[in-house]
Amino acid sequence: GALSQSSTQAVNGVSHRGKVLTLDSMNPNVKRVEYAVRGPIVQRAVQIEKELKEGVKKPFTEVIKANIGDAHAMGQKPITFLRQVLALCSYPELLEDNMFPEDAKKRARRILESCGGHSIGAYSASQGIECIRQDVARYIERRDGGIPSSPDNIYLSTGASDAIVTMLKLLVCGEGRSRTGVMISIPQYPLYSAALADLGAVQISYYLDEDKCWSLDVAELRRALNAARQHCNPRVLCIINPGNPTGQVQSRQCIEDVIRFAKEEHLFLMADEVYQDNVYAEGCKFHSFKKVLFEMGPEYSSTVEMASFHSTSKCYMGECGFRGGYMEVINMDPEVKAQLTKLVSVRLCPPVPGQALLDLVVNPPQPDEPSYTTFMKERTAVLAALAEKARLTEETFNTVPGITCNPVQGAMYTFPRITLPQKAIDKAKEEGQVPDMYYCMRLLEEEGICLVPGSGFGQREGTFHFRMTILPPTEKLKVVLQKIREFHLRFTQEFS
Amino acid sequence: MSKMSENGMVSRAKVLTIDTMNPTVKKVEYAVRGPIVQRAVELERELSEGMKKPFAEVIKANIGDAHAMGQQPITFFRQVLALCSYPELLNDSTFPEDAKSRAHRILQSCGGNSMGSYSASQGIDSVRQDVARYIERRDGGVPCDPDDIYLTTGASDGIVTMLKLLVCGEGAARTGVMISIPQYPLYSAALAELGAVQINYYLNEETCWSLDIGELQRALDEARQYCNPRALCIINPGNPTGQVQSRECIEDVIRFAAKERLFLMADEVYQDNVYAEGCQFHSFKKVLFEMGPEYSNTVELASFHSTSKCYMGECGFRGGYMEIINMDDEVKAQLTKLVSVRLCPPVPGQALMDLVVNPPQPGEPSYDNFIKERTATLSALAQKAKLTEQVLNTVQGISCNPVQGAMYSFPRITIPEKAIKEATDKGQQPDMFYCMKMLEETGICLVPGSGFGQKDGTYHFRMTILPPNDKLQILLNKVKEFHQRFTQQYS
């Protein structure tokens with residue numbers, strides 16, 4: 001309090017004490033949080049962009065931000081139908097305007113009718129607009145071949161991140177050796193590690209198998225779990241499918257194995273399925289955890305506790321800025337569910353435009369509707385372009401000695417392994433940098449390409465990677481891939 | 001821990017139960033959407049299923065949601081949002097040029113010229129610049145750096161983020177945060193969840209809910225015995241009380257915070273909602289800077305604003321910002337890092353905030369209409385504030401302070417002993433008992449004062465002043481009749 005102060009300083013002749021809020025007196029968990037996707041390399045990229053704007057000469061004319069899964073920023077176009085409905089909802093006078101098709105107007109009217117005062121400016125129910133949750137439930141039922149989904153188990157959220165953090169928060173308890181442990185894949189999307197650090201939960205890393213296209217091995221799950229039991233109370237298993245950053249699409253067999261494992265070991269399952277429409281590779285298919293769970297019969301489907309997550313930020317929509325998302329909770333204890341409902345009420349509600357957008361994603365134009373043809377055309381074009389770019393990326397990287405790229409089976413990223421010469425590793429150490437950060441920083445400064453080093457996602461000791469998005473338009477992507485190729489050869493040469 | 005289920009299968013207890021979940025989450029309460037509202041929603045369902053009730057509709061006067069109560073959005077804002085959502089409309093001649101030019105500017109500052117891109121985590125650069133300029137204009141030229149502005153998902157997001165940063169220590173060194181009684185229960189909820197210590201300072205009901213430094217001192221000195229007080233939160237204009245603090249009071253609070261080394265959090269989301277004669281909104285930042293460098297160079301302050309209130313009422317967009325003043329640079333870097341994990345606030349909300357701080361100017365095509373709509377909304381609210389105070393004060397057993405600002409009345413109610421007893425026997429707070437009865441008998445949903453905090457032995461409710469005038473009149477009369485009936489019933 002007032003009596004315990006750190007050093008005093010005089011400024012302008014006015015003496016004052018140290019600040020109230022300093023690095024030493026702030027929340028220690030927050031200091032442990034890292035989020036590489038928008039971390040130091042991106043801050044440098046933004047700085048360079050500013051320098052370019054101010055006319056500073058660089059070896060490149062633009063910075064390419066291939067660090068983040070932001071499709072629109074890379075030139076992907078929004079789906080016309082979705083934006084038409086959003087415009088109609090924003091400014092309902094447009095319902096009189098005959099430039100808008102009837103199916104768009106119909107959906108806008110339905111959404112507005114479910115809003116307080118028929119305005120998207122009203123707070124919604126904290127769990128999300130009811131008719132949208134109903135639409136989400138129906139979408140899930142259709143997707144999963146008829147397996148029932150209750151709207152009451154659907155919670156709309158501010159992007160999938162919001163719901164993921166909320167679930168993790170609910171799960172964390174205990175002290176010391178009984179502190180909740182949460183299993184996450186290595187490599188992982190660093191929201192998970194950040195949230196665990198913030199919550200003071202224990203991170204339990206299980207390694208995906210790079211030699212087998214980043215597949216998940218239950219033996220490895222078991223190894224990680226048994227080791228963890230010595231220092232924490234493992235209670236949760238997180239899986240991202242299709243994977244981020246790896247892009248692997250898990251086989252149905254694997255998903256069954258994970259569910260079986262979760263049941264045996266009494267773990268709450270969190271299935272991050274935000275890339276469920278982003279599946280490219282031949283022979284790969286998205287299997288929803290819920291569907292597989294129910295097909296395994298009541299011994300599993302009535303017992304395994306699970307939450308699955310979806311978002312409007314990825315797939316073919318790419319509407320990151322709207323922060324739309326949902327989670328479905330399965331087999332949750334009713335008392336805990338009441339607590340969850342109470343918890344989300346404190347933040348009032350998720351953004352209504354994002355909720356409206358989600359409604360359109362789960363309730364898109366149907367074959368007999370006016371917007372159907374254009375909708376399908378746009379959707380197909382986006383997904384086909386992504387598939388093409390996934391293939392091109394893998395192909396190109398695999399021609400570079402010292403870069404090995406697993407097939408990009410799905411999602412939006414490539415996570416190739418890079419061989420770094422020992423001299424480069426030494427140089428990085430000298431600079432106080434992790435080797436793949438050093439590599440990526442050099443690439444940024446020399447080519448203006450911003451990637452995220454593998455160390456930001458986790459990787460096996462002694463291996464190095466980077467994550468690059470496959471999102472730039474094809475022609476630009478070719479240029480980017482070429483430049484990386486050239487950089488890698490140069491870099492390898494320099495440190496040989 | 002196994003048990004037999006109905007079909008003969010042995011099952012264990014669940015992984016996630018009330019006993020194995022996060023204990024601080026269990027301590028969280030949020031009355032504004034609490035049990036009484038859940039009952040109100042149930043009643044609405046029953047009504048829609050054709051059940052007979054003593055009323056034809058449920059009136060949700062529990063939450064500061066203007067649009068839900070019939071307030072119209074500002075035309076200009078919605079035009080720009082439509083243009084941003086579907087830029088093809090930029091070719092549509094029904095939209096005025098000033099709306100188009102703002103839409104253009106917003107879209108150009110978005111990745112790929114689309115609102116669907118993630119923005120910078122601190123918020124779109126040009127919007128933060130506009131916010132800074134707005135603050136400078138509002139505060140008579142006191143400089144504002146866009147780098148000190150963080151756009152947020154409603155003000156709630158910024159408030160929780162700041163509280164999270166501030167919480168540290170164990171046991172008697174645990175961070176204590178001073179909040180007003182009564183308060184907006186986001187604060188108590190956030191403190192419970194973060195496991196911080198809540199330090200209550202009582203506003204003075206007899207002097208129109210004003211803040212008394214003597215009371216701040218009392219609360220602080222006492223709290224020092226069991227925690228480490230580090231932050232002082234104040235809501236001005238107040239929620240639920242509606243008081244608009246005098247300039248002198250604000251100076252006193254700043255002086256107190258400086259002297260006692262407290263981080264000041266000024267929740268100013270109702271800054272345009274000031275109704276009473278002689279009352280004026282004084283921004284904490286402005287007062288701070290007018291007190292000279294001894295204060296303006298040292299006092300650490302965060303102030304919060306939102307698109308949910310004022311004359312916009314755009315709650316559903318979740319737009320907001322906070323301005324941080326005199327924050328340690330290293331902590332600021334941590335703050336920037338922390339907000340990056342959630343990527344960015346919703347871009348439609350950021351766009352809306354841009355329009356709020358950069359509205360139509362005299363000479364622009366939309367100006368007249370904009371001012372007309374804004375004035376109409378604010379004067380309607382002023383009217384309703386007055387009506388509410390007036391009517392409630394005609395009821396014996398209800399005593400209502402002037403609604404100087406914000407959107408609520410928080411009248412004190414006298415509850416007969418017999419009713420208190422019945423409530424207590426039922427395990428209910430007396431004012432919850434009262435409000436529940438009112439809900440069941442009249443369909444009017446209010447929030448009991450116990451949800452906000454009040455002096456022991458006093459009872460209140462919070463009611464919004466938002467329903468349209470004629471509906472509000474009916475509402476107030478029903479509340480009056482109910483109170484009289486209730487008092488009679490328990491005499």
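No hydrogens, no waters, no symmetry mates; every other heavy atom, side chains included, goes into these values. Predicted, not measured: the structure shown is a model, and the values here were computed from it.
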Undergrad: Which bit of A:T80 is near chain B, if near means a heavy-atom gap under 4.5 Å: side chain, backbone, both or neither?
TA: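 Backbone plus side chain of A:T80, per the 4.5 Å heavy-atom cut-off to chain B.
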
Undergrad: So for A:E305, is it side chain, backbone, both, or neither that comes closer than 4.5 Å to the heavy atoms of chain B?
TA: side chain

Undergrad: Quick one: do the A:R347 and B:S156 side chains pair a donor with an acceptor below 3.5 Å?
TA: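 Absent: no donor and acceptor within the cut-off.
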
Undergrad: Would you mind checking which part of A:L267 comes under 4.5 Å of any heavy atom in chain B, side chain (CB onward), backbone (N, CA, C, O), both or neither?
TA: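 Answer is backbone: N, CA, C or O of A:L267 sit under 4.5 Å from chain B.
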
Undergrad: Side chain, backbone, both or neither: which part of B:S308 has a heavy atom under 4.5 Å from chain A?
TA: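 It is the side chain, since no backbone atom gets that close.
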
Undergrad: Below 4.5 Å from any heavy atom of chain B, which atoms of A:A125 appear? Answer side chain, backbone, both or neither.
TA: backbone

Undergrad: So which residue, B:L81, B:I18, B:L194, ends up with the most heavy-atom pairs under 4.5 Å with chain A?
TA: B:I18

Undergrad: Between A:D97 and chain B, with a heavy-atom cut-off of 4.5 Å, which part of the residue counts as in contact: side chain, backbone, both or neither?
TA: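 Just the side chain, heavy atoms under 4.5 Å.
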
Undergrad: Test side chain to side chain contact (heavy atoms under 4.5 Å, CB included) on A:L21 and B:D328; report intermediate values, then the result.
TA: CA-CA 7 Å; A:L21 183 55; B:D328 175 279; 5.9 Å; no

Undergrad: For the residue pair B:G64 and A:Y123, what are the closest heavy atoms and their distance?
TA: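 Closest approach of B:G64 to A:Y123, heavy atoms only: O-CE1, 4.0 Å.
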
Undergrad: Could you give me the CA-CA distance, side-chain angles and deciding distance for A:F322 and B:Y118, then say whether ring-ring contact (aromatic ring centres under 6.0 Å, His included) is met?
TA: CA-CA 8 Å; A:F322 279 84; B:Y118 288 123; over 10 Å; no

Undergrad: Using non-hydrogen atoms only, which part of A:Y192 is less than 4.5 Å away from chain B: side chain, backbone, both, or neither?
TA: neither

Undergrad: Inspect the contact between A:K19 and B:E330 and indicate whether a charged nitrogen and a carboxylate oxygen are less than 4.0 angstrom apart.
TA: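 No, B:E330 and A:K19 are not salt-bridged.
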
Undergrad: Taking every heavy-atom pair that is under 4.5 Å apart, which of B:P185, B:C227, B:C168 has the most such pairs with chain A?
TA: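 Most heavy-atom pairs within the cutoff with chain A belong to B:C168.
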
Undergrad: Would you check if the side chain of A:R235 reaches a backbone N or O of B:V15 as a donor-acceptor pair within less than 3.5 Å?
TA: yes

Undergrad: Please evaluate residues A:S90 and B:F77 with respect to the criterion side chain to side chain contact (heavy atoms under 4.5 Å, CB included), reporting the C-alpha separation (whole Å), side-chain torsions for both, the decisive distance (0.1 Å), and the verdict.
TA: CA-CA 9 Å; A:S90 299; B:F77 293 168; over 6 Å; no

Undergrad: Heavy-atom pairs under 4.5 Å with chain B - which of A:L171, A:T312, A:L191 has more of them than the others?
TA: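 Heavy-atom pairs under 4.5 Å are most numerous for A:L171.
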
Undergrad: For chain B, which candidate among A:G354, A:A194, A:P353 shows the most heavy-atom pairs at distances under 4.5 Å?
TA: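 Going by pairs under 4.5 Å, I would pick A:P353.
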
Undergrad: If you count heavy-atom pairs within less than 4.5 Å of chain B, which of A:N331, A:V42, A:V236 leads?
TA: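 The option with the most such pairs is A:N331.
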
Undergrad: Could you give the distance from OG1 (B:T161) to CG (A:N27), rounded to the nearest 0.5 Å?
TA: 11.5 Å

Undergrad: Who among B:G112, B:A68, B:C315 has the most heavy-atom pairs with chain A under 4.5 Å?
TA: B:C315

Undergrad: Under a 4.5 Å cutoff for heavy-atom pairs, which residue among B:V160, B:V347, B:V341 has the most contacts with chain A?
TA: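 Of B:V160, B:V347, B:V341, B:V341 has the most heavy-atom pairs under 4.5 Å with chain A.
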
Undergrad: Relative to chain B, which segment of A:M317 carries a heavy atom at a distance below 4.5 Å: side chain, backbone, both, or neither?
TA: neither

Undergrad: Which atom names give the shortest non-hydrogen contact between A:S124 and B:R33, and what distance separates them?
TA: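 Scanning both residues, the minimum pair turns out to be O-NH1, 2.6 Å.
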
Undergrad: For B:N326, is it the side chain, the backbone, both, or neither that has a heavy atom closer than 4.5 Å to a heavy atom of chain A?
TA: both

Undergrad: Can you measure from CE (A:M26) to CE (B:M327) and round to the nearest 0.5 angstrom?
TA: 9.0 Å

Undergrad: Using a cut-off of under 4.5 Å for heavy-atom pairs, which of A:L199, A:L340, A:V20, A:I120 has the most such pairs with chain B?
TA: A:V20

Undergrad: Kindly give the heavy-atom pair with the smallest separation between A:S119 and B:R78, and that separation in Å.
TA: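 Where A:S119 meets B:R78 most closely, the heavy atoms are OG-NH2, 3.0 Å.
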
Undergrad: Looking at every non-hydrogen atom in both residues, tell me the closest pair between B:K26 and A:Q339 and how far apart they are.
TA: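 Minimum heavy-atom separation between B:K26 and A:Q339: CA-OE1, 3.3 Å.
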
Undergrad: Sort B:L220 into side chain, backbone, both or neither according to what part of it lies under 4.5 angstrom from a heavy atom of chain A.
TA: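 Looking at B:L220, nothing touches chain A.
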
Undergrad: Looking only at heavy atoms, what is the nearest atom pair of A:V30 and B:K337, with distance?
TA: O-NZ, 2.9 Å

Undergrad: To the nearest 0.5 Å, tell me how far B:T20 OG1 sits from A:D333 CG.
TA: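 With rounding to 0.5 Å, OG1 (B:T20) is 8.0 Å from CG (A:D333).
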
Undergrad: Look up atom CZ in B:F95 and atom OH in A:Y91, then write down how far apart they are to the nearest 0.5 Å.
TA: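 Between B:F95 CZ and A:Y91 OH, I get 6.0 Å after rounding to 0.5 Å.
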
Undergrad: With a 4.5 angstrom heavy-atom cut-off, could you sort out which part of A:L170 is near chain B: side chain, backbone, both or neither?
TA: both

Undergrad: Evaluate the side-chain hydrogen bond (donor to acceptor under 3.5 Å, both in side chains) criterion for residues B:T153 and A:R323: first the C-alpha distance (whole Å), next the side-chain angles of each, then the deciding distance (0.1 Å), finally the verdict.
TA: CA-CA 10 Å; B:T153 306; A:R323 315 314 284 113; over 6 Å; no

Undergrad: Is it the backbone or the side chain of B:A120 that comes under 4.5 Å from a heavy atom of chain A, or both, or neither?
TA: backbone

Undergrad: Quick one: what part of A:C115 sits under 4.5 Å from any heavy atom of chain B, side chain, backbone, both or neither?
TA: neither

Undergrad: Quick check on B:C84 against chain A: is it the side chain, the backbone, both or neither that has a heavy atom closer than 4.5 Å?
TA: backbone

Undergrad: B:L16 and A:M332: which non-hydrogen atoms are nearest, and at how many Å?
TA: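 Distance-wise, the nearest heavy atoms are CD2-CE, 4.4 Å.
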
Undergrad: Checking the side chain of B:R230 only, and the main-chain atoms of A:S25 only, is there a donor and an acceptor separated by less than 3.5 Å?
TA: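 A pair under 3.5 Å: yes.
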
Undergrad: Salt bridge between B:E193 and A:K169, side-chain N to carboxylate O under 4.0 Å?
TA: yes

Undergrad: What part of A:P350 gets within 4.5 angstrom of chain B, counting heavy atoms only: side chain, backbone, both, or neither?
TA: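 A:P350 touches chain B through backbone heavy atoms alone.
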
Undergrad: Please look at A:L94 and chain B and tell me whether the side chain, the backbone, both or neither of the residue comes under 4.5 angstrom of a heavy atom of that chain.
TA: side chain

Undergrad: To the nearest 0.5 Å, what is the distance between OG1 (A:T166) and CG (B:N22)?
TA: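 A:T166 atom OG1 to B:N22 atom CG measures 11.5 Å (nearest 0.5 Å).
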
Undergrad: Please classify the contact of B:Y184 with chain A as side chain, backbone, both or neither, using a heavy-atom distance under 4.5 Å.
TA: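 Just the side chain, heavy atoms under 4.5 Å.
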
Undergrad: Please look at B:D157 and chain A and tell me whether the side chain, the backbone, both or neither of the residue comes under 4.5 angstrom of a heavy atom of that chain.
TA: both

Undergrad: Using a cut-off of under 4.5 Å on heavy-atom pairs, state which of B:E314, B:E300, B:M21, B:E88 scores highest against chain A.
TA: B:E300

Undergrad: Out of B:C344, B:S114, B:S117, B:S119, which one pairs with A:D70 under the side chain to side chain contact (heavy atoms under 4.5 Å, CB included) rule?
TA: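 Of the listed options, the one satisfying the test is B:S117.
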
Undergrad: Assess the residue pair A:Y35 and B:L343 against the criterion (side chain to side chain contact (heavy atoms under 4.5 Å, CB included)); give the C-alpha distance rounded to whole Å, side-chain angles, the decisive distance to 0.1 Å, and a yes or no.
TA: CA-CA 10 Å; A:Y35 182 68; B:L343 289 150; 3.5 Å; yes

Undergrad: Under the side chain to side chain contact (heavy atoms under 4.5 Å, CB included) rule, what do B:L338 and A:D198 come out as? Steps first, then yes or no, please.
TA: CA-CA 9 Å; B:L338 184 62; A:D198 190 351; 4.1 Å; yes

Undergrad: Would you give the length of the straight line joining atom CZ of A:R83 to atom CG of B:L89, rounded to the nearest 0.5 angstrom?
TA: 11.5 Å

Undergrad: Do you know which of B:S121, B:A190, B:P87 has the most heavy-atom pairs with chain A at a distance under 4.5 angstrom?
TA: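 Counting heavy-atom pairs under 4.5 Å, the top option is B:S121.
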
Undergrad: Is A:D162 close to chain B through its backbone or its side chain, or both, or neither, when contacts mean heavy atoms under 4.5 Å?
TA: both

